[in-house]
Student: 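Attaching a single structure in structure tokens format; questions to follow.
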Amino acid sequence: MKLATWNVNSLNVRLAHVLKWLEENPVDVLCIQETKLTDDKFPTAAIEAAGYQVVFSGQKTYNGVAILSRLPIEDVVKNNPRYEDAQQRILAATIGGVRVVCAYVPNGQAVDTEKYIYKLGWLQSFRDWLADELAKHPNLAVLGDYNIAPEDRDVHDPAAWEGQVLCSDKERAALQALFDLGLQDSFRLFEHPEKTFSWWDYRMLGFQKNKGLRIDHILLSAPLVARCEACIIDRAPRKWEQPSDHAPVIATLVPA
DNA sequence: ATGGCAAGTAGAACTTGA
């Protein structure tokens, strides 16, 4: 079973990329963030024609998440029931015996701003809700754009980013609190080249110079860690014309 | 030290992202 996550930075602009990528990478589940589409505008027919069922939760202009699946999608939950949030950032569903959570964690803008405080509060409540989910669903996979680089080795220039949003101690502590639930960063279960990232700034030739961050993650509970045989970041679509600034992350699970 | 790119909303110039 292959599970993937990709922040597409507008599904309206990136639908063709998503369909092309799925044709080349027929994963079982793809979690998408930043659809930036209200539900009435969601391209359900095109995705179903590609062989995927889909559930989505969107809004105008910002945010928006979706889960695409080749297998039946059950027990869908939109948003964190513990957290009143006008922003559409969370979808959960049970697929093939795995509880899949698709999350678009707030960006935070800059340390100590209103949005940063929102991000930390959001993550605190996210942790509490994931504890509930984990108690109900031992096979838990939490995929998404976390907007946090876990360690300095996930940052192209740690000195320049030290203490900045996406890298600050409080954000890293909030991510550690998710790890402390028993969830593991599937990427770090395996060896990778240094400076492997999942996001590169559009500006200043960020991708060409590999000035990136690793902020998109697939977290797995212990029973899924035991089944995980690979986790990779696919840089290929970042090279396509008019790309998303994020690359997809894929985890491969062997059958239970 | 700063801004640089992209997308959405609008229909010029802003807000947001990371």
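From a predicted model like this one, the values you see are computed outputs, not experimental measurements. Quick note on labels: first sequence line is chain A, next is B, and so on, each numbered from 1.
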Student: For Leu37(A) and Pro43(A), which heavy atoms make the closest approach, and how far apart are they?
Tutor: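 Heavy atoms of Leu37(A) and Pro43(A) come nearest at CD1-CD, 3.8 Å.
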Student: Which whole number of Å gives the distance between the C1' atom of dA18(B) and that of dA7(B)?
Tutor: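 My reading of the C1' atoms in dA18(B) and dA7(B) gives 14 Å.
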Student: I'd like to check the salt bridge (charged side-chain N to carboxylate O under 4.0 Å, His left out) partners of Arg172(A); sequence neighbours left out, ordered by chain and number.
Tutor: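 In terms of salt bridge (charged side-chain N to carboxylate O under 4.0 Å, His left out), with neighbours along the sequence ignored, Arg172(A) is linked to Asp152(A).
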Student: Could you tell me how far apart Leu205(A) (CG) and dG4(B) (P) are, to the nearest whole angstrom?
Tutor: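 Between P of dG4(B) and CG of Leu205(A): 15 Å.
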Student: Let me spell it out: for each of Leu213(A) and Thr61(A), pick the nucleotide of DNA chain B with the closest heavy atom. Which residue's pick is nearer the 5' end?
Tutor: Thr61(A)
Student: Using the P atom in both, what is the distance from dG4(B) to dA13(B), to the nearest Å?
Tutor: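 Going atom to atom, P in each nucleotide, I get 15 Å.
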Student: May I have the distance from Lys209(A) (atom NZ) to dC5(B) (atom P), rounded to whole angstrom?
Tutor: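 About 12 Å, once rounded to whole Å.
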Student: Apart from Phe179(A) itself, what residues make up its hydrophobic cluster, given side-chain heavy atom links below 4.5 Å?
Tutor: Tyr83(A), Ile90(A), Val101(A), Val105(A), Tyr118(A), Trp122(A), Leu123(A), Phe126(A), Trp129(A), Leu130(A), Leu134(A), Leu140(A), Val142(A), Tyr146(A), Ile148(A), Leu175(A), Leu178(A), Leu181(A), Leu183(A), Leu219(A)
Student: Using a strict heavy-atom distance below 4.0 Å, which residues from residues 12-20 of chain A are in contact with DNA chain B?
Tutor: Asn12(A), Val13(A), Arg14(A)
Student: I need the CG-P distance between Leu37(A) and dT9(B), as an integer number of Å.
Tutor: 9 Å
Student: Using the P atom as the point on both nucleotides, what is the distance between dC14(B) and dA1(B), in whole Å?
Tutor: 26 Å
Student: Mind checking salt bridge (charged side-chain N to carboxylate O under 4.0 Å, His left out) for Asp185(A) and listing every partner two or more places apart, or none if nothing turns up?
Tutor: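 Scan of Asp185(A) (salt bridge (charged side-chain N to carboxylate O under 4.0 Å, His left out), adjacent residues dropped) gives Arg214(A).
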Student: What is the per-nucleotide protein-contact pattern of nucleotides 10-17 of chain B, from the 5' end, where B denotes a base atom under 4.0 Å from a protein heavy atom, S denotes such proximity for sugar-phosphate atoms only, and - denotes neither?
Tutor: ------SS
Student: When the C1' atoms of dG8(B) and dA12(B) are compared, how many Å lie between them, rounded to an integer?
Tutor: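 My reading of the C1' atoms in dA12(B) and dG8(B) gives 14 Å.
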Student: What residues, two or more places apart in sequence or in another chain, satisfy salt bridge (charged side-chain N to carboxylate O under 4.0 Å, His left out) together with Asp180(A)?
Tutor: none
Student: Excluding sequence neighbours, so at least two apart, what forms side-chain hydrogen bond (donor to acceptor under 3.5 Å, both in side chains) with Asn80(A)?
Tutor: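 Checked Asn80(A) against side-chain hydrogen bond (donor to acceptor under 3.5 Å, both in side chains); matches are Ser125(A).
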Student: Does either side chain, that of Trp200(A) or that of His246(A), offer a donor lying less than 3.5 Å from an acceptor on the other one?
Tutor: no
Student: Classify Gln164(A) by what it touches in the nucleic acid, base, sugar-phosphate, or nothing, heavy-atom distance under 4.0 Å.
Tutor: nothing
Student: How would you list, by chain and number, every residue that makes a side-chain hydrogen bond (donor to acceptor under 3.5 Å, both in side chains) with Arg14(A), sequence neighbours excluded?
Tutor: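 For Arg14(A) there are no side-chain hydrogen bond (donor to acceptor under 3.5 Å, both in side chains) partners, ignoring immediate neighbours.
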Student: Please list all pairs passing the salt bridge (charged side-chain N to carboxylate O under 4.0 Å, His left out) test where one or both residues lie in residues 80-89 of chain A, with sequence neighbours left out.
Tutor: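 Listed by first then second residue: Arg82(A)-Asp132(A).
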Student: Between C1' on dA18(B) and NE2 on His217(A), what's the gap in Å once rounded to a whole number?
Tutor: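 Rounded to whole Å, this separation is 13 Å.
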Student: Expressed as a whole number of Å, how far does the P atom of dT15(B) sit from that of dA10(B)?
Tutor: 14 Å
